[in-house]
A.B. asks: 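Sharing a structure below in structure tokens format, with a few things to ask.
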Amino acid sequence: MDVVSLAGPRFEPCMDTAVVLLTWIAEVADEPLVLEPADRQVEVETNTWSMGATDEDKRSLSVAQVVAAFERTVAAIRTRIRELGFSGVATFYVWHDEQAGQLRCSTGSVLPIALPFGGAYAASGDLGPIVEAFLADGEPGSIAWPDLDDAQSLPEQTQTEPEVIAFGVWVSNVGTSG
């Protein structure tokens with residue numbers, strides 16, 4: 001009787017996701033790009049990208065590598081926008097979506113003070129802290145038991161407004177004006 005092995009060859013991935021993440025960041029510059037000041041929703045839907053990595057791959061990345069990848073992408077998008085002849089305001093921006101555990105980026109025909117976020121954000125020219133938070137985010141969307149407040153020890157609810165905490169967004173001008 002012939003013996004048939006069901007075990008196939010062991011395939012090693014050709015690139016780990018750390019390298020893939022850096023490649024995705026670079027490829028953002030080549031993705032479809034819509035700058036339509038009259039229809040910001042189309043801009044958001046077309047020009048927004050999400051990127052993630054496993055905890056292991058995050059440990060193999062440095063803040064400097066990720067920042068450099070985004071800086072190269074910004075330079076490429078800026079060149080592309082100028083070659084397309086767009087003469088208005090355009091901003092490339094990056095933020096860490098803590099709930100999803102992803103880095104997200106987008107390009108829009110909007111000033112940094114008018115980005116299309118529903119919550120409070122703080123625009124910054126320093127991408128390092130945003131990338132650092134992403135790389136350190138080992139369990140997105142979760143809260144450790146010790147960090148939960150004990151409902152018994154909380155004072156009675158008052159009518160005060162909850163504290164609004166702004167999240168960091170890295171912004172870079174990629175348009176020809178602004």
Side-chain angles (χ1 to χ4, degrees), residues 15-54 57-58 60-137 140-141 161-178:
M15 291 193 292
D16 64 20
T17 54
V19 174
V20 171
L21 177 70
L22 297 174
T23 302
W24 285 344
I25 294 169
E27 289 175 350
V28 164
D30 298 324
E31 291 292 322
L33 179 66
V34 173
L35 294 173
E36 183 57 56
D39 193 347
R40 298 269 166 74
Q41 186 61 36
V42 169
E43 286 185 352
V44 169
E45 291 170 2
T46 306
N47 304 341
T48 302
W49 304 275
S50 302
M51 295 157 252
T54 66
D57 291 325
K58 286 179 185 180
S60 70
L61 286 166
S62 72
V63 171
Q65 287 174 304
V66 178
V67 168
F70 274 117
E71 288 172 343
R72 287 187 299 271
T73 296
V74 162
I77 289 174
R78 186 177 294 120
T79 299
R80 186 173 167 204
I81 288 172
R82 289 192 172 117
E83 288 172 352
L84 292 171
F86 182 78
S87 61
V89 171
T91 302
F92 180 84
Y93 49 104
V94 177
W95 69 100
H96 171 221
D97 181 333
E98 290 183 40
Q99 186 172 7
Q102 298 175 331
L103 277 177
R104 297 196 179 186
C105 62
S106 190
T107 305
S109 58
V110 62
L111 290 170
I113 60 170
L115 298 177
F117 292 112
Y121 65 94
S124 170
D126 187 1
L127 180 55
I130 294 166
V131 172
E132 189 173 333
F134 166 71
L135 294 177
D137 188 0
E161 291 291 318
E163 180 183 358
V164 176
I165 300 173
F167 62 95
V169 179
W170 179 65
V171 295
S172 182
N173 176 28
V174 291
T176 58
S177 63

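If you're wondering where the values come from, they're calculated on a predicted model, not measured in any experiment. Atom set for the values below is all heavy atoms of this structure, side chains included, hydrogens, waters and symmetry mates excluded. This chain uses plain numbering: 1 for the first residue, then up along the sequence.
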A.B. asks: Which residue pairs pass the salt bridge (Lys or Arg N to Asp or Glu O under 4.0 Å) test with at least one member in residues 115-132, sequence neighbours excluded?
C.D. replies: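 Applying salt bridge (Lys or Arg N to Asp or Glu O under 4.0 Å) to every pair that reaches into residues 115-132, excluding sequence neighbours, yields nothing.
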A.B. asks: For Ala120, check side chain to side chain contact (heavy atoms under 4.5 Å, CB included) against everything at least two apart and list the hits.
C.D. replies: Val164, Ala166
A.B. asks: Taking only residues two or more places apart in sequence, or in another chain, which ones meet Phe92 in a ring-ring contact (aromatic ring centres under 6.0 Å, His included)?
C.D. replies: none
A.B. asks: Could you pull out all residues at least two apart from Phe70 that satisfy ring-ring contact (aromatic ring centres under 6.0 Å, His included)?
C.D. replies: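 Applying ring-ring contact (aromatic ring centres under 6.0 Å, His included) to Phe70 gives none.
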A.B. asks: Not counting sequence neighbours, which residues clear side chain to side chain contact (heavy atoms under 4.5 Å, CB included) with Val42? List them please.
C.D. replies: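 So Val42 forms a side chain to side chain contact (heavy atoms under 4.5 Å, CB included) with Val34, Asp39, Thr46.
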A.B. asks: Not counting sequence neighbours, which residues clear side chain to side chain donor-acceptor pair (under 3.5 Å) with Glu71? List them please.
C.D. replies: none
A.B. asks: Using the side chain to side chain donor-acceptor pair (under 3.5 Å) criterion, which residues pair with Thr48? Sequence neighbours excluded.
C.D. replies: Ser106
A.B. asks: Quick test of your reading: applying side chain to side chain donor-acceptor pair (under 3.5 Å), list the pairs with at least one residue in residues 25-35, sequence neighbours left out, ordered by first then second residue.
C.D. replies: none
A.B. asks: Does anything in residues 103-123 pair up under salt bridge (Lys or Arg N to Asp or Glu O under 4.0 Å), and if so which pairs, sequence neighbours excluded?
C.D. replies: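 Found Asp97-Arg104.
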A.B. asks: How would you list all residue pairs meeting ring-ring contact (aromatic ring centres under 6.0 Å, His included) that involve residues 97-130, not counting sequence neighbours?
C.D. replies: Tyr93-Phe117, Trp95-Phe117, Phe117-Tyr121, Phe117-Phe167
A.B. asks: Please tabulate, for the side chains in residues 61-68, all donor-acceptor contacts under 3.5 angstrom to protein atoms that are two or more places apart in sequence or on a different chain.
C.D. replies:
from	atom 1	to	atom 2	distance (Å)
Ser62	OG	Gln65	N	3.0
Ser62	OG	Gln65	OE1	3.4
Gln65	OE1	Ser62	N	2.7

A.B. asks: Run the numbers on Val19 and Leu22 for side chain to side chain contact (heavy atoms under 4.5 Å, CB included), then give the verdict.
C.D. replies: CA-CA 5 Å; Val19 174; Leu22 297 174; 5.8 Å; no
A.B. asks: For residues 27-50, pull every pair meeting ring-ring contact (aromatic ring centres under 6.0 Å, His included), keeping only residues two or more places apart or in separate chains.
C.D. replies: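 Every candidate ring-ring contact (aromatic ring centres under 6.0 Å, His included) pair involving residues 27-50 fails, so no pair, neighbours aside, qualifies.
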